[in-house]
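Everything numeric in this text was worked out from a predicted model, so none of it was measured. These numbers come from the heavy atoms of this one structure, side chains and all, not from hydrogens, waters or symmetry mates.
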Amino acid sequence: MWRNANVHPASRQALERLVMAALSFCAVMGVVYAAFFVIPAKASLPRRQARVNVKEPHGYFTYVWHLLRHGDLGNSIVFREPVTTHVMRAAPVTLSLVVGGIVCAIVVSLVPLLRLPNALDKTVSLASLTGMSLHPVWLSLIVAWFFGAHWGVLPTGGYCGIASLGTGCDGLSHWASHLLLPWLVFGLINGAYYSLALRTLLHTELAEDYVREARAHGTGERRIVRVHVLRNIAPSLLMLFVTNLGVAISSVIFIESIFGLPGMGNMFRRSLLQHDLPVSAGIMVILALSTLAASLLADLATIALPVQRSTRTS
């Protein structure tokens with residue numbers, strides 16, 4: 001329908017992404033609703049336990065409608081309060097961990113841009129492969145032991161708020177010191193993936209004809225990478241970042257649990273143990289929709305930043 005209309009290709013692509021995002025939203029809500037309400041309610045559990053632990057909404061469409069219109073994800077069975085109120089208390093902790101961890105991951109991923117010697121470059125590549133293979137629990141325990149129990153230079157658990165005045169654990173320095181190790185674990189695991197991806201994209205792009213022509217005209221290697229190559233691989237890097245975002249967020253559950261952070265990941269683990277299914281479902285919805293929104297923004301940014309492999313070097 002849209003292909004026959006007189007619509008700009010970029011506008012058509014953006015509209016298609018919006019439609020796909022809407023369909024993905026419906027699919028995500030359907031999976032969460034079935035996994036946390038329909039299946040547990042119909043499982044072979046004692047009737048009394050099912051009544052206590054599973055409070056099924058009045059239907060899928062009602063559940064979605066309440067979310068869209070009121071931001072309502074039901075009420076917590078254990079804490080007897082709205083899920084959104086309960087979860088939003090933990091959201092700043094998780095947001096602090098994810099944002100700081102992404103900054104660390106970006107720093108790690110930029111190592112291939114240093115244009116290291118061949119032997120050192122292979123060592124970095126091997127280290128990236130090793131980092132991708134590490135489990136967040138194992139790395140968290142090792143990091144906590146080295147920097148906490150062994151060297152005693154950083155706290156290995158707990159959380160300090162920036163403005164939690166009067167608690168003895170407040171201020172920017174306390175907040176950052178309690179998050180440094182979680183940031184390091186998050187950054188190493190995800191930065192290893194981005195570093196390897198960036199290295200592969202760089203090697204592929206540097207073999208293109210326009211790069212060889214630029215070198216023949218005497219353009220410096222750093223200018224080629226900075227002006228041409230990075231611009232052309234930016235859309236691919238952005239999509240790789242968003243593709244891995246779901247995996248990165250899933251590691252938050254393990255990192256928050258090991259370091260005792262009162263974030264959404266730790267809350268999700270506790271809600272599963274307490275059979276507080278509305279809270280578990282609400283956290284899954286919030287994290288999934290956040291990833292979906294980031295993916296949509298990345299798609300729109302990719303449409304706005306087309307790849308241009310030009311041989312003009314001036």
For F186, is there any backbone N or O sitting under 3.5 Å from a side-chain donor or acceptor partner on N190? yes
Over 12 non-hydrogen atoms of neighbours within 6.0 angstrom of CE in M88: yes
Side chains of V87 and M264: closer than 4.5 Å at any heavy-atom pair? yes
By salt bridge (Lys or Arg N to Asp or Glu O under 4.0 Å), R89 pairs with (sequence neighbours left out) E81
Pairing residues for R269 by the salt bridge (Lys or Arg N to Asp or Glu O under 4.0 Å) criterion, not counting sequence neighbours: none
Using 30° and 60° as the class boundaries, would you call the ring planes of Y63 and Y33 parallel, tilted or perpendicular? tilted
Closest non-hydrogen atom pair between P182 and I255, with its separation: CB-CG2, 3.8 Å
Measure the spacing between CG of L184 and CG of L179 and express it to the nearest 0.5 Å. 12.0 Å
Taking ring pair (Phe, Tyr, Trp, His ring centres under 6.0 Å) as the definition, give me every residue that meets it alongside W65, ordered by chain and number, with sequence neighbours left out. none
Residue set satisfying ring pair (Phe, Tyr, Trp, His ring centres under 6.0 Å) with F146, at least two apart, ordered chain then number -> W151
What pair of heavy atoms forms the shortest contact from S140 to V185, and how long is it? OG-CG1, 3.5 Å
Within this structure, what is the OH-CD distance for the pair Y210 and E205, rounded to the nearest 0.5 Å? 3.5 Å
Y159 versus S96, closest heavy-atom pair with distance: OH-OG, 4.2 Å
How many angstroms lie between atom CE of M20 and atom CG of L23, to the nearest 0.5 angstrom? 6.0 Å
One should read off an interatomic distance between L300 CG and L18 CG, to the nearest 0.5 angstrom, of 6.0 Å
Is F61 reachable from F37 through a run of I, L, V, M, F, W or Y residues, each pair having side-chain heavy atoms under 4.5 Å apart? yes
Under 3.5 Å donor-acceptor, H135 side chain and V137 backbone: yes
With E256 as reference, evaluate I253, I258, V252 under the side-chain contact (heavy atoms from CB on, under 4.5 Å) test and give the passing residue. V252
Out of curiosity, S24 OG to M29 CE, how far, rounded to the nearest 0.5 Å? 13.5 Å
Please list, chain by chain and in numerical order, all residues satisfying ring pair (Phe, Tyr, Trp, His ring centres under 6.0 Å) with F25, sequence neighbours excluded. none
OG of S251 to CG of L97: how many Å apart, nearest 0.5 Å? 7.5 Å
Ignoring hydrogens and geometry, is there a side-chain-to-backbone donor-acceptor pair from S295 to T291 under 3.5 Å? no
Any side-chain heavy atom of L139 within less than 4.5 Å of one from I189? yes
Closest non-hydrogen contact found for S177 with L154 is O-CD2, 4.1 Å
Okay, side chain of D276, backbone of I77: is any donor-acceptor separation there less than 3.5 Å? yes
Below 4.5 Å, heavy atoms only, C-beta onward: do L198 and L202 meet side chain to side chain? yes
Under 6.0 Å between ring centres: does that hold for H86 and F79? yes
Heavy-atom pair with the smallest gap, counting every atom of S271 and V279: CB-CG1, 3.8 Å
Run through F259, W175, F147 and flag the one making a ring-ring contact (aromatic ring centres under 6.0 Å, His included) with W183. W175
Which pair of heavy atoms, one from F254 and one from P136, lies closest together, and at what distance? CB-CB, 3.9 Å
I286 vs L73 side-chain heavy atoms within contact, under 4.5 Å: yes
Is the W145 to W138 ring centre distance short of 6.0 Å? no
If hydrophobic clusters are built from ILVMFWY residues whose side chains come within less than 4.5 Å, do L68 and Y60 share one? yes
Those residues at least two apart in sequence (or on a different chain) that pass ring pair (Phe, Tyr, Trp, His ring centres under 6.0 Å) with Y194 are F241
In terms of hydrophobic clustering (I, L, V, M, F, W, Y; side-chain heavy atoms under 4.5 Å; direct or indirect links), are I142 and L261 co-clustered? yes
